[in-house]
Amino acid sequence: MQRRDFLKTSASACVALAAGRFDAFATSQPNIVIIYADDLGYGDVSCYGATKIRTPNIDRLASQGRRFTNAHAPAATCTPSRYSLLTGEYAWRKKGTGVLPGDARMIIEPGRTTLASMLRQAGYATGAVGKWHLGLGAGDLDWNGEIRPAPEDIGFDDSFLIPATGDRVPCVFVESRHVVGLNPADPIQVSYRTPVGDEPTGREHPELLRMRPSQGHDQTIVNGISRIGYMSGGRAARWVDEDIADTITGKAVSFIERNRSRPFFLYFATHDIHVPRVPHPRFAGRSGMGRRGDAILELDWSVGEIGRTLDRLGLARNTLLVFTSDNGPVVDDGYHDQAGAKLGGHTPSGPLRGGKYSAFDAGTRVPFVVRWPERVGRGTSDALVSQIDCLSSFATLTGQRLASADAPDSLDVLPALLASSPDGREHLVEQAGTLSIIVGSWKYIEPSNRARYDKETDIELGNDPEPQLYDLADDIGEQNNVATRYPDKVRELAARLKAIREQGRSRF
Ligand code: NG6
Ligand code: CA
């Protein structure tokens with residue numbers, strides 16, 4: 001250890017001592033891998049109770065580590081969850097952090113402390129692989145040149161990205177500031193306002209489609225699937241949907257191999273199981289549950305590849321691996337892929353109410369497994385934790401001090417993550433169309449005049465013009481609104497939410 005690192009480490013150990021919780025892991029530098037699945041529900045994997053589908057690789061992590069039953073994504077959609085995971089700030093505090101189009105500018109400001117920059121500071125090699133959906137460039141991006149800002153400007157040494165989502169153009173990968181495989185003679189143009197180029201759209205040429213949209217998704221056709229947004233050019237650079245999982249999993253594996261001899265942080269954000277669901281032929285038809293189930297099998301394979309790589313390189317014992325999802329499940333998210341017809345009794349939300357987009361708990365309560373054989377015992381935990389807490393918790397773990405302006409909503413829940421402390425957070429704000437707050441086992445959903453139900457996705461959105469209060473300890477499915485029975489509780493939780501909003505931070 002260098003002298004500077006030693007001093008830093010000792011200082012943080014003293015802080016921990018002063019806080020009365022000195023523990024051996026306050027100064028560790030395990031490798032850290034976050035596998036961030038997309039739209040995977042609380043009930044979608046067998047270690048969380050699914051019986052119609054088997055996810056042996058995810059289950060293996062759970063059996064070797066700790067499985068959390070009350071862990072949350074910060075929001076019920078992708079962009080705000082990812083923003084919060086990386087910055088430690090509730091996304092609802094900042095305008096422009098909703099689901100982004102594929103040509104959005106990057107919404108995390110270069111220079112601010114992120115999970116990646118903090119770990120880089122701690123001496124880690126840092127890599128982002130997979131779905132990004134946090135914007136790239138500074139607005140009006142020219143996809144044919146060098147892309148700035150990019151993940152490299154917020155703490156990642158390397159990146160290999162799906163710029164937005166699989167259903168949004170441009171349908172190309174970006175690696176370390178450049179579109180991969182771009183032929184300069186066939187430049188890319190992207191627009192979310194007006195058609196560009198002369199390629200067919202799904203709206204005008206549905207006969208060219210191999211999977212039809214059920215809602216939206218009717219603009220430029222790429223690989224027989226129409227997307228959100230218009231693109232032209234970049235033909236040689238376009239991804240093949242069937243190969244996305246293989247490509248990004250391969251990139252994640254090679255990041256681990258390249259960095260095997262130093263501490264590394266890998267943020268591996270899978271495309272599975274987001275739409276369009278186009279798994280590789282080796283998974284097609286394998287689940288008996290249609291494309292959505294096949295995509296779950298493909299996801300499980302990707303997780304297995306990461307696990308096997310860590311085993312092969314002898315790194316598994318000293319790698320803290322988190323497996324989780326960016327938001328809850330949706331069955332029909334805009335394409336006719338027979339996901340609903342083929343569910344066959346499978347319940348993506350498990351015992352929870354709602355789904356992706358919903359203020360009910362299925363929107364944000366997600367699978368969350370922490371495996372670190374060297375330090376984390378096996379078992380189940382019902383501590384309340386959020387992905388937003390990774391930044392503070394891993395800062396403590398690696399001996400990094402956060403400035404007070406950093407990560408304003410990220411709490412140190414390390415004792416719950418690593419030791420079997422039942423105490424996670426005392427309170428948590430959940431973001432859907434409206435905000436909710438959980439305090440202990442109580443959950444309060446703010447009154448909202450938004451729609452209660454979305455018929456396109458068949459999801460109960462959890463909105464109600466009246467306040468809602470649920471006792472999750474008794475009523476995990478949020479069936480009994482007890483707001484009129486406990487008016488004091490409603491007032492108390494509403495006041496807590498108001499204070500968290502007005503204070504501009506919840507980490508003190
Ligand atoms: C919605 C899309 C949906 C999905 C979602 C974002 C339509 C009709 N629906 O607007 O398909 O892309 O945005 O998903 O366009 S997320 O997981 O990235 O948040
Ligand atoms: Ca998502």
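When a ligand or atom number is given, it counts from 1 through the structure's own listing order.
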Under a 4.0 Å threshold between the charged nitrogen and the carboxylate oxygen, would [Y] count as salt-bridged to [X]?
{"X": "Arg425", "Y": "Asp389", "answer": "yes"}
{"X": "Arg227", "Y": "Asp241", "answer": "yes"}
{"X": "Glu446", "Y": "Arg501", "answer": "yes"}
{"X": "Glu298", "Y": "Arg277", "answer": "no"}
{"X": "Lys251", "Y": "Glu175", "answer": "yes"}
{"X": "Arg353", "Y": "Asp361", "answer": "no"}
{"X": "Glu109", "Y": "Lys94", "answer": "yes"}

Which of the numbered atoms in ligand 1 are under 4.0 angstrom from any heavy atom belonging to [X]?
{"X": "Tyr357", "result": "1 (C), 3 (C), 4 (C), 5 (C), 13 (O)"}
{"X": "Asp38", "result": "17 (O)"}
{"X": "Lys131", "result": "16 (S), 17 (O), 18 (O)"}
{"X": "Thr165", "result": "18 (O)"}
{"X": "Val275", "result": "11 (O)"}
{"X": "His133", "result": "18 (O)"}
{"X": "Asn327", "result": "17 (O)"}
{"X": "Asp167", "result": "3 (C), 4 (C), 11 (O), 12 (O)"}

Only to 10 degrees, please: what angle do the OD2 atom of Asp326 and the OD1 atom of Asp38 make about the Ca ion (ligand 2)?
80°
Quick one: does [X] get an N or O within less than 3.5 Å of an N or O on ligand 1?
{"X": "Gln215", "result": "no"}
{"X": "Thr79", "result": "no"}
{"X": "Val99", "result": "no"}
{"X": "Thr77", "result": "no"}

For Trp301, is the NZ or CZ atom of Arg282 found under 6.0 angstrom from the centre of its six-membered ring and inside 45 degrees of the ring axis?
yes
Option whose closest heavy atom lies nearest to atom 7 (C) of ligand 1, chosen from Arg82, Arg227, His217
His217
Only residue of Ile248, Val240, Asp246, Thr247 satisfying side chain to side chain contact (heavy atoms under 4.5 Å, CB included) with Ile244 is Ile248
Check Asp39, Asp458, Asp44 against Lys356 for a salt bridge (charged side-chain N to carboxylate O under 4.0 Å, His left out) and give me the one that passes.
Asp39
Closest protein heavy atom (residue, atom, distance) for [atom]:
{"atom": "atom 11 (O) of ligand 1", "answer": "Asp333 O, 2.7 Å"}
{"atom": "atom 15 (O) of ligand 1", "answer": "Ile228 CD1, 3.4 Å"}
{"atom": "atom 17 (O) of ligand 1", "answer": "Lys356 NZ, 2.9 Å"}
{"atom": "atom 13 (O) of ligand 1", "answer": "Arg168 NH2, 3.1 Å"}

Going by heavy atoms, is Cys78 under 4.0 Å from ligand 1?
yes
Taking the non-hydrogen atoms of Glu456, is any one of them nearer than 4.0 angstrom to ligand 1?
no
Kindly give the heavy-atom pair with the smallest separation between Phe264 and Asn31, and that separation in Å.
N-OD1, 3.2 Å
Least distance between heavy atoms, Pro348 atom then Leu343 atom:
CG-CD2, 4.2 Å
Kindly confirm whether the Ca ion (ligand 2) is within less than 3.0 Å of some N/O/S atom in Asn327?
yes
Quick check on Gln338: does its CD atom have over 12 non-hydrogen neighbours (other residues, nucleotides or ligands) under 6.0 Å away?
no
Test ring-ring contact (aromatic ring centres under 6.0 Å, His included) applied to Tyr48 and Tyr42, step by step:
CA-CA 7 Å; Tyr48 279 80; Tyr42 193 76; 5.2 Å; yes
Under 4.0 Å, heavy atoms only, figure out whether ligand 1 is touched by the backbone of Tyr335, its side chain, both or neither.
neither
Any idea which N/O/S atom from Asp39 gets closest to the Ca ion (ligand 2)?
OD1
